[in-house]
Amino acid sequence: MMQKHAVGNKAVAALLAVGLAVSMGACGGNGAQGQPSGTGSASAVGESRMSKATAAFFDSKTEIPAEQAFGTKSVWFDKGSGVDIDDESTVDYIYVFDGKGSVTAYQTGYYPSTDNGEVTTTYGDLLGLSEDELIQLAKDRDKDCFDNARENYLSTSAKFFADKAEQDTSKAEEITKKGEEFQKTLSMTEYEEPAAKPFYLKANSSEEMLSFQIRRFNEQYADYYLKDSSNAGTFETVNKDLELKPIDAVQLDGMCLQGYSRIVTSVGLNNKGFTGMEQ
């Protein structure tokens, strides 16, 4: 049975965030990789920011358990599943942990089915940024994702209502009116910054997980609106579960990343590494 633990203030006791410069030497950690596969020379973006160190949030000579890692005020990056990291790898979410048991998830990648409005963030975009700059980038990209998703959905939802009206001619006028109302409502919807949500560490006999809720654009909004469903809304909230399998450090030119199989953070040269939950 999966056990679930909230992480509160007592877990914060451990590490304070540090603004330690990350050099091009090998990172610390369990079997750290000096030059992992796919990591070549710095991109033009990375080179232009090398004059300023990327913020580092951990630099411990002992391994850091998950409770302590996520109980520390820090910024983490969604690694994706089975993806090797280099400076061109994409970061679809940035997670800001407040050190008090909550996390704010910012969407930094948006890939529409149409050819318009894609939002892409790479690790190269993070090089040389301070903690405040990382958070500001996350906020800016989250708003970009919303703005572009709304514009795309104005177009696709218009077709949705038109198709529905054509399919059900007996209710065509009603559906068309509903579609016009929807378009007006959606076009007037303004961006709202995501709120901090509590996170939990869960464990069973085979795996450990970091769990919390994220908000994303509701791609079923028009369908729910047409049906007068209680689920109608611009956003939907979904659960996010990230496996806590520690991984080796990855050295980019100007930034050292370490953490778990699905989520990593920027660390200092001497960081020993991370472990799962304390037993």
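Side-chain atoms are counted along with the backbone in the values below, which use heavy atoms only and exclude waters and symmetry mates. Since we're looking at a predicted model, the values are computed, not measured.
- Looking at every heavy atom in both residues, L127 comes nearest to M255 through CD2-CB, 3.3 Å.
- A pairwise comparison of heavy atoms in E208 and M277 identifies OE1-N, 2.8 Å as the closest pair.
- The pair K139-E193 counts as a salt bridge, with a side-chain nitrogen and a carboxylate oxygen less than 4.0 angstrom apart.
- Ring geometry, F212 versus F97: the interplanar angle exceeds 60°, so the pair is classed perpendicular (tilted spans 30 to 60°).
- If you check the side chains of E174 and T176, you find no donor sitting under 3.5 Å from an acceptor.
- The two residues W76 and A69 make their nearest non-hydrogen contact at CZ2-CB, 4.0 Å.
- Looking at heavy atoms from C-beta onward, T275 lies out of side-chain contact with I64 at the 4.5 angstrom threshold.
- Looking only at atom types and distance, the side chain of N271 has a donor-acceptor partner in the side chain of Q258 under 3.5 Å away.
- The ring pair (Phe, Tyr, Trp, His ring centres under 6.0 Å) contacts involving residues 107-143 comprise nothing, where partners must be two or more places apart or lie in separate chains.
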Intermediate values then yes/no, side chain to side chain contact (heavy atoms under 4.5 Å, CB included), K73 and D98:
CA-CA 5 Å; K73 186 176 182 289; D98 64 4; 5.8 Å; no
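- The minimum heavy-atom distance linking C256 with A249 is given by the pair SG-CB, 4.1 Å.
- Looking at N218, its side chain does come within 3.5 Å of a backbone N or O of G233 through a donor-acceptor pair.
- At distances below 3.5 Å, not a single donor-acceptor pair connects side-chain atoms of T90 with backbone N or O atoms of T122.
- Distance check, rounded to the nearest 0.5 Å: OG1 of T104 to CD1 of I214 gives 12.5 Å.
- In this structure, the side chain of T169 does not engage the main chain of A165 through any donor-acceptor pair within 3.5 Å.
- Classification of R216 and E236 as a salt-bridged pair holds, one side-chain N sitting under 4.0 Å from a carboxylate O.
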Start with the C-alpha gap between L137 and I94, add the side-chain angles, then the distance that decides, and say whether side chain to side chain contact (heavy atoms under 4.5 Å, CB included) holds.
CA-CA 9 Å; L137 179 143; I94 291 179; 3.9 Å; yes
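- The main-chain N or O of F160 is never found under 3.5 Å from a side-chain atom of S157 such that the two would form a donor-acceptor pair.
- Remark: side-chain polar atoms of T54 are paired, donor with acceptor, to backbone N or O of G254 under 3.5 angstrom.
- The aromatic rings of F182 and Y153 sit perpendicular to each other, their planes meeting at more than 60°, with 30° as the lower class boundary.
- Here the closest non-hydrogen pair linking S130 and A55 is C-CB, 3.7 Å.
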Would you sort out whether K61 and K272 count as a side chain to side chain contact (heavy atoms under 4.5 Å, CB included), showing the intermediate values?
CA-CA 5 Å; K61 294 182 179 179; K272 180 67 174 177; 5.7 Å; no
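- For the residue pair Q136 and D140, a side-chain donor N or O sits within less than 3.5 Å of a side-chain acceptor on the partner.
- Residues F70 and V103 fail the side-chain proximity criterion, which asks for heavy atoms closer than 4.5 Å.
- Taking CG of L201 as the reference point, atom OG of S211 lies at 9.0 Å (rounded to 0.5 Å).
- Following chains of ILVMFWY side-chain contacts shorter than 4.5 Å, one cannot reach F217 starting from Y224, and the two form parts of different hydrophobic clusters.
- Note that CZ of F274 and OG of S60 are 8.5 Å apart. Values are rounded to the nearest 0.5 Å.
- Side chains of E118 and P112 form a contact here, defined as non-hydrogen atoms less than 4.5 Å apart.
- Between T265 and V75, the closest heavy-atom pair is OG1-O, 2.7 Å.
- With salt bridges taken as basic N to acidic carboxylate O contacts below 4.0 Å, none links D168 and K164.
- Contact annotation: the side chain of I263 never approaches that of F77 to less than 4.5 Å [non-hydrogen atoms, C-beta and beyond].
- Side-chain atoms of N152 and S155 include no donor-acceptor pair closer than 3.5 Å.
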What's the verdict on side chain to side chain contact (heavy atoms under 4.5 Å, CB included) for Y260 and L242, showing C-alpha distance, side-chain angles and the deciding distance?
CA-CA 9 Å; Y260 301 92; L242 300 175; over 6 Å; no
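- The main-chain N or O of D92 is found under 3.5 Å from a side-chain atom of T108 such that the two form a donor-acceptor pair.
- S206 and N204 share a side-chain donor-acceptor pair at under 3.5 Å.
- Judged purely by distance below 3.5 Å, without hydrogens or angles, the side chains of R215 and T237 never pair a donor atom with an acceptor atom.
- Under a hydrophobic-cluster definition in which Ile, Leu, Val, Met, Phe, Trp and Tyr are linked whenever side-chain heavy atoms come within less than 4.5 Å, directly or via other members, I135 and V91 are assigned to the same cluster.
- Taken from CD in Q167 to CD1 in I175, the straight-line distance is 8.5 Å, to the nearest 0.5 Å.
- Inter-residue side-chain proximity for V267 and F57 is flagged as unmet; no heavy-atom pair is nearer than 4.5 Å.
- Here OH of Y200 is found 15.5 Å from CE of M209. Values are rounded to the nearest 0.5 Å.
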Chi angles and distances behind the side chain to side chain donor-acceptor pair (under 3.5 Å) call for D78, Y95:
CA-CA 8 Å; D78 195 304; Y95 306 118; 2.5 Å; yes
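- Between the side chain of S74 and the backbone N or O of T72 there is at least one donor-acceptor pair closer than 3.5 Å.
- Using a cutoff of 4.0 Å between basic side-chain nitrogens and carboxylate oxygens, D241 and K202 are scored as salt-bridged.
- E243 places no side-chain N or O within donor-acceptor distance of the main-chain N or O of K245, the cut-off being under 3.5 Å.
- Contact check for T121 versus Y93: no side-chain heavy atoms found under the 4.5 Å cut-off.
- Between Y225 and Y221, the angle of the ring planes goes over 60°, which puts this pair in the perpendicular group of the 30/60° scheme.
- With rounding to the nearest 0.5 Å, the separation of CD in Q68 from OG1 in T62 is 7.0 Å.
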